[in-house]
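A note on names: the letters A, B, ... follow the listed sequences, proteins ahead of strands, and every chain is numbered from 1.
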There are 2 protein chains.
Amino acid sequence: MRESGVKERILDTASRLFYDQGYHVTGINQIIEEADIARASLYNHFPSKTDLLLAYLDNTHASWFEELDAFLKPVAGPRDKLLALFDFRIQRQRKFKYKGCHFNRIAAEASDDQEVLTRVKKHKQRFKDLIYELVSQIPERRSILNNDQLADTLFLLLEGGIAVGLMYRSSDAAEQSKQIAETIL
Amino acid sequence: MRESGVKERILDTASRLFYDQGYHVTGINQIIEEADIARASLYNHFPSKTDLLLAYLDNTHASWFEELDAFLKPVAGPRDKLLALFDFRIQRQRKFKYKGCHFNRIAAEASDDQEVLTRVKKHKQRFKDLIYELVSQIPERRSILNNDQLADTLFLLLEGGIAVGLMYRSSDAAEQSKQIAETIL
DNA sequence: GTCTATAAAATGATAGAC
DNA sequence: GTCTATCATTTTATAGAC
C-alpha cells in the first residue's frame, strides 16, 4: 500500500525535473523512479507527457501569483510595490538556484506547441498587466517616459535581469536592474 | 559520389534544426536524413552530438558578429550605432522567424553543460562590451542614468525585446524597446 | 572518407493481473 | 487505482565493407 497523494507526487517530481533539467531531457522513466510510483499510475493521472507539462505550467502559474500576492500585501504604495517585484523575483531565483523563469525555459523548448505557448503568454501578460496597473497608480509622476513606456521598461528590466542571472547563476544582474528601476521611478 | 562540403552540410542542417526545433528534440537521424549524408560521416566529422552543438555555437557566434560589423559599418556616430543594434536584431529575428536568440535558446536547454554555458556567456559578454564602448563614446550626455546603468538598460531592452518577440512571433516588443532607447539616449 | 548494417540503451505509451 | 511486464520507436554511437 502507498500513502495517498500519488498524483501530487507525480506532479511535484515532474515539475522539479522539468525546471532543473528541461522538459525534453526528462524522461518518463526518471519521473516514475524519483516519484516512486508505477508507470501506469502516471498514465492513469496524466494521459500523456504533454498533459503533465500543461499541468506543471498551470500549477506553477497559480502558485506564482499566490506567492506574489502574499509578498506584495505588506508593501504600501505603487512605487514600492513595483520595486518589490524585483525583490520577489530575486528571492524566487535564489530559491530555485538561478535557472531563470519557469515559463521562459519551457517557451524556449516547446514554443511550437500552441497549448504551451498560450500558457506562457497568459502568465507573462498577467504579470505585465500588474505592472501597468501599478504604474498608473503612481501620483504626479514626471519623467521623459510615458506610463506605457515606463511599464514596458520595468517589465524588460525584470525579465532581462532574471535571464542574465541564469548565465551567471547569480542575482547580480537583477539587483542592477532594480537599481536602474529605482532611478527611473 | 557526393559533391564535397559534407561537413558544411551537416553543420548547416544541424544548426537550422537546433534553432528551429531545439537541441534535445532534434535527433541524429533527422540530421543525417535532411543533410542527406551517411550516419558514420557525421560521426567522422563530429565525434558526438555535443561536439556538433559546440560547433554550431562557435559558428553562429562568429557569423553573428561578422554580420553585425557589416551592419554597423555605414552607420555614423555612437548614438545611431546603438540604435542600429535594435534594427540589426529586429532584422535577424525577422529572418529567423522570431524564435528568439540562438544562444538564449540553447542556454535554456543545456545551461548545465559548462562548455555550452561558457560559449553563451562569451557571446553575450562581447555584445555587452560593444554596448558599453559605444555608450562611453557619446559626447556630453546628460541623464539620470550613469554610463554603466545606461549600457545595462540598453542591453536589457535589447534582450527583452527579442525574448518577448518569441512569444508573439513578432518584432513589436523590440520596436517598442527601440523607441524607449531613443527616448533615454 | 563515405557508406550500410547494427548495436545497446532510452523513449513514450499500453495490456492485463491484482 | 496501482501494479508488473512488455510494446514499438527512437535515441546516440560503433563496426566493418567499399
Asks: Counting any heavy atom closer than 4.0 Å, what does A:Thr26 reach on the DNA or RNA strands: base, sugar-phosphate only, or nothing?
Replies: sugar-phosphate

Asks: Under a 3.5 Å threshold, yes or no: a donor from one side chain and an acceptor from the other, between B:Gln176 and A:Asp148?
Replies: no

Asks: Nearest whole angstrom, please: distance from the P of D:dT14 to the CZ of B:Phe46.
Replies: 16 Å

Asks: Rounded to whole Å, how long is the line connecting atom CG of A:Leu42 with atom P of D:dC3?
Replies: 11 Å

Asks: Roughly how many Å is it from CG in B:Leu17 to P in D:dT10, rounded to a whole number?
Replies: 16 Å

Asks: Starting at atom CD1 of B:Ile28, determine the distance to atom P of C:dA10, rounded to an integer number of angstrom.
Replies: 17 Å

Asks: To the nearest Å, how far apart are B:Glu33 CD and D:dT12 P?
Replies: 14 Å

Asks: Relative to the 5' end of DNA chain C, which residue comes earlier, A:Val25 or A:Ala40, by the nucleotide with the nearest heavy atom?
Replies: A:Val25

Asks: Specify the separation, in whole Å, of atom CG of A:Asn44 and atom C1' of C:dA15.
Replies: 14 Å

Asks: Take atom CD in B:Glu8; do more than 12 heavy atoms of anything else shown fall under 6.0 Å from it?
Replies: no

Asks: On the nucleotide D:dT11, are OP1 or OP2 found under 4.0 Å from the side-chain N or O atoms that B:His24 carries?
Replies: no

Asks: If you assign each of A:Ser48 and B:His45 to its closest nucleotide in DNA chain C, which residue comes earlier from the 5' end?
Replies: B:His45

Asks: A:Ile180 pairs by side-chain contact (heavy atoms from CB on, under 4.5 Å) with which of B:Asn146, B:Ile144, B:Leu145?
Replies: B:Leu145

Asks: In whole angstrom, give the distance that lies between atom OH of A:Tyr23 and atom P of C:dT11.
Replies: 13 Å

Asks: Under 4.0 Å between a side-chain N or O of B:Ser41 and OP1 or OP2 of C:dC3?
Replies: yes

Asks: Between B:Phe65 and B:His123, does the ring centre distance come in under 6.0 Å?
Replies: yes

Asks: Send over the distance from B:Glu8 CD to C:dG1 P, rounded to a whole Å.
Replies: 14 Å

Asks: Given the side-chain rings of B:Trp64 and B:Phe103, with only the six-membered ring counted for Trp, is the space between their centroids under 6.0 Å?
Replies: no

Asks: From the options C:dT2, D:dT12, D:dC3, select the nucleotide whose nearest atom is closest to the side chain of A:Ile37.
Replies: D:dC3

Asks: Is the phosphate of C:dT11 approached by A:Asn29 (side-chain N or O, under 4.0 Å from OP1 or OP2)?
Replies: yes

